[in-house]
Engineer: 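Mind looking over this structure? Questions follow.
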Amino acid sequence: MSIAIVAIIGGVVIALAGIFTDALTRGQKLKMKTVQQEIELEKLRLESYTIETEKMRLELEHSKVQLLETKQSSLKKP
């Protein structure tokens with residue numbers, strides 16, 4: 001009878017250990033997925049920042065050219 005009780009308790013402990021391990025594994029997988037999504041988001045933010053910076057640089061260059069043209073045309077007028 002004591003062997004049966006030990007076997008039952010052992011089975012319950014093994015089952016609980018499996019459930020606990022499965023829960024930890026799922027938690028780690030969720031954390032890993034979250035980190036991967038955060039990395040992807042940061043990549044997109046950096047790409048967007050780079051594109052926006054380039055756009056602003058081109059707009060500034062265009063404004064400089066326009067300003068120089070305006071200044072030169074006003075100097076040419078008598």
Engineer: Got a second to check how far Ile51's CD1 is from Leu46's CG, nearest 0.5 Å?
Structural biologist: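 Going from CD1 on Ile51 over to CG on Leu46, the span is 10.0 Å.
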
Engineer: Could you state whether Val12 and Phe20 fall into the same hydrophobic cluster, counting links through intermediate Ile, Leu, Val, Met, Phe, Trp or Tyr residues with side-chain heavy atoms under 4.5 angstrom apart?
Structural biologist: no

Engineer: Quick one: side chains of residues 27-44, donor-acceptor pairs under 3.5 Å with protein atoms, not counting sequence neighbours, listed by atom name and distance.
Structural biologist:
{"from": "Thr34", "atom 1": "OG1", "to": "Leu30", "atom 2": "O", "distance (Å)": "2.9"}
{"from": "Glu42", "atom 1": "OE2", "to": "Arg45", "atom 2": "NH1", "distance (Å)": "2.8"}

Engineer: To the nearest 0.5 Å, what is the distance between CG on Leu24 and CD1 on Ile19?
Structural biologist: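 Between atom CG of Leu24 and atom CD1 of Ile19 there are 12.5 Å.
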
Engineer: Tell me if the CG atom of Leu67 is crowded by more than 12 foreign heavy atoms within 6.0 Å.
Structural biologist: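 Yes, enclosed.
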
Engineer: Which value, rounded to the nearest 0.5 Å, describes the distance between Ile8 atom CD1 and Ile3 atom CD1?
Structural biologist: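 One finds 12.0 Å between CD1 of Ile8 and CD1 of Ile3.
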
Engineer: Apply the side-chain hydrogen bond (donor to acceptor under 3.5 Å, both in side chains) test between Gln66 and each candidate in Glu69, Lys64, His62; give the one that qualifies.
Structural biologist: His62

Engineer: At what distance, to the nearest 0.5 angstrom, does CD of Glu47 lie from CD of Glu52?
Structural biologist: 12.5 Å

Engineer: Begin with the C-alpha distance, continue with both residues' side-chain angles, and end with the deciding distance and a verdict on side-chain contact (heavy atoms from CB on, under 4.5 Å) for Asp22 and Arg26.
Structural biologist: CA-CA 6 Å; Asp22 185 51; Arg26 286 183 185 183; 3.3 Å; yes

Engineer: Between Leu60 and Met56, is a side-chain contact (heavy atoms from CB on, under 4.5 Å) present by the stated rule, with each step listed?
Structural biologist: CA-CA 6 Å; Leu60 180 61; Met56 289 173 68; over 6 Å; no

Engineer: Are side-chain heavy atoms of Thr53 and Arg57 found at a separation under 4.5 Å?
Structural biologist: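 No - every pair of side-chain heavy atoms lies 4.5 Å or more apart.
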
